Amino acid sequence: MSDSRNSRSHYGYAGIEHAFRQDLHGTIHAGIRYTDWYNPPQATETAPYVMANLRYAYTAGSSLDLGVTHDQNATDVFTVKANSTTKAADSTVAYASIKHQLLPNLYGGAIGTFQYSTFMGGSVDNQSEKFYELGLNLEYRFNRNLSASVGYNFDKADSDVRGSYDRNRIYIGATASY
């Protein structure tokens with residue numbers, strides 16, 4: 001039964017990137033996504049795809065990002081109704097984030113995200129789910145290859161299918177890159 005959600009997707013889109021000023025850049029991609037669920041019950045679908053972002057670098061090492069995306073995505077919700085299964089969800093995500101250099105090696109950040117998803121197929125066809133996220137973090141860069149971070153995320157989900165929940169997450173980590 002899990003094979004019924006196997007799929008292949010292909011995107012066709014056009015995009016543009018523009019520097020309005022030295023400190024203000026924008027990007028937009030718009031087009032379609034073709035998805036083929038190739039195992040029974042077979043289905044195909046064409047859906048819109050959009051990704052837009054605006055970045056304002058208000059000082060060295062600090063920036064503000066605003067953006068929106070719309071696309072299909074996988075979901076852990078699985079229901080069956082007649083010959084229809086829940087295949088995926090159409091989701092629109094809006095976000096805002098800020099990254100600010102507090103000291104030469106210390107950065108602070110915040111992100112807010114809102115996601116609205118509509119399920120496709122099965123007994124939950126056209127039912128929706130909303131997801132909110134707020135994140136705060138600090139990052140200390142020891143050098144260009146090694147950093148440590150600590151943060152807090154608050155998540156809230158409100159679903160027609162699963163009800164609602166809140167979640168608090170605290171994390172600490174290190175990143176090594178080369």
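In this text the structure is predicted, and so the values were computed from the model without any measurement. What's counted below: heavy atoms across the whole structure, side chains too, no hydrogens, waters or symmetry copies. Positions are given from 1 along the sequence.
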Query raised in the report: Tyr107 ring centre to Lys99 NZ or CZ under 6.0 Å, with the angle to the axis within 45°?
Result: yes

Could you tell me which residues satisfy side-chain contact (heavy atoms from CB on, under 4.5 Å) with [X], sequence neighbours excluded, listed by chain and number?
| X | result |
| --- | --- |
| Ala94 | none |
| Leu66 | Ala96 |
| Val124 | Val77, Thr79, Thr86, Phe119, Gln127, Val161 |

Query raised in the report: Would you say the side-chain atoms of Thr27 pair up with the backbone N or O of Glu17, donor to acceptor, closer than 3.5 Å?
Result: no

Requested in this report: Examine distances only and state if a side-chain atom of Asn105 and a backbone atom of Arg141 form a donor-acceptor pair shorter than 3.5 Å.
Outcome: yes

By salt bridge (charged side-chain N to carboxylate O under 4.0 Å, His left out), which residues pair with [X], not counting sequence neighbours?
| X | answer |
| --- | --- |
| Arg167 | Asp155 |
| Glu45 | none |
| Asp65 | Arg55 |
| Arg21 | Asp23 |

Do [X] and [Y] sit in one hydrophobic cluster, given that two such residues count as connected whenever their side-chain heavy atoms are within less than 4.5 Å of each other, even indirectly?
| X | Y | result |
| --- | --- | --- |
| Ile98 | Leu54 | yes |
| Leu136 | Ile170 | no |
| Ile172 | Phe142 | no |

What heavy-atom pair brings [X] and [Y] nearest, and what distance separates the two atoms?
| X | Y | result |
| --- | --- | --- |
| Ser159 | Glu129 | OG-OE2, 3.1 Å |
| Asp158 | Ser164 | OD1-OG, 2.9 Å |
| Ala110 | Asn137 | N-OD1, 4.4 Å |

Report task. Before giving the answer on side chain to side chain contact (heavy atoms under 4.5 Å, CB included), spell out for Gln115 and Lys130 the whole-Å C-alpha distance, their side-chain angles and the decisive distance to 0.1 Å. Result -> CA-CA 6 Å; Gln115 177 176 319; Lys130 295 179 260 337; over 6 Å; no

Requested in this report: Please work out which of the three classes, parallel, tilted or perpendicular, describes the rings of Tyr58 and Tyr56, given edges at 30° and 60°.
Outcome: tilted

Query - Asn53 side chain to Tyr95 side chain, donor-acceptor N/O pair below 3.5 angstrom - result: yes

Query raised in the report: Have Ser128 and Thr118 got a donor and an acceptor in their side chains that come within less than 3.5 Å?
Result: no

Report task. Kindly determine whether Asn145 and Ser177 satisfy side-chain hydrogen bond (donor to acceptor under 3.5 Å, both in side chains), including the steps that lead there. Result -> CA-CA 5 Å; Asn145 300 69; Ser177 59; 4.8 Å; no

Query raised in the report: Under the side-chain hydrogen bond (donor to acceptor under 3.5 Å, both in side chains) test, which residues partner Ser91, sequence neighbours left out?
Result: Asn73, Ser117

Requested in this report: Could you give me the CA-CA distance, side-chain angles and deciding distance for Met120 and Asp90, then say whether side chain to side chain contact (heavy atoms under 4.5 Å, CB included) is met?
Outcome: CA-CA 7 Å; Met120 300 167 44; Asp90 281 324; 3.8 Å; yes

Query raised in the report: Would you say Thr69 and Val50 make side-chain contact, with heavy atoms under 4.5 Å?
Result: no

Query raised in the report: Are Ser7 and Lys87 close enough that some pair of their side-chain heavy atoms sits under 4.5 Å apart?
Result: no

Query raised in the report: Should Gln72 and Thr35 be marked as a side chain to side chain contact (heavy atoms under 4.5 Å, CB included) after you check the CA-CA gap, both sets of side-chain angles, and the distance that decides it?
Result: CA-CA 9 Å; Gln72 285 181 355; Thr35 304; 3.1 Å; yes

Query raised in the report: Could you give all pairs that pass the ring-ring contact (aromatic ring centres under 6.0 Å, His included) test and reach residues 23-42, with sequence neighbours left out?
Result: Tyr13-His29

Query raised in the report: Applying salt bridge (charged side-chain N to carboxylate O under 4.0 Å, His left out), which residue pairs with at least one partner in residues 24-41 are found, sequence neighbours left out?
Result: Arg33-Asp71

For residues 146-154, run the donor-acceptor check on the side chains, cut-off 3.5 Å, and write out each pair with its distance to 0.1 Å, sequence neighbours left out.
residue	atom	partner	partner atom	Å
Ser147	OG	Glu139	OE2	3.3
Tyr152	OH	Asn168	OD1	2.4

Query - Distance (rounded to the nearest 0.5 Å) between Gln42 CD and Thr44 OG1 - result: 9.5 Å

**Report entry** Value rounded to 0.5 Å, distance of CG in Asn6 from CZ in Arg8
**Finding:** 9.0 Å

Query raised in the report: For Phe114, which residues count as a ring-ring contact (aromatic ring centres under 6.0 Å, His included) partner, sequence neighbours excluded?
Result: Tyr132

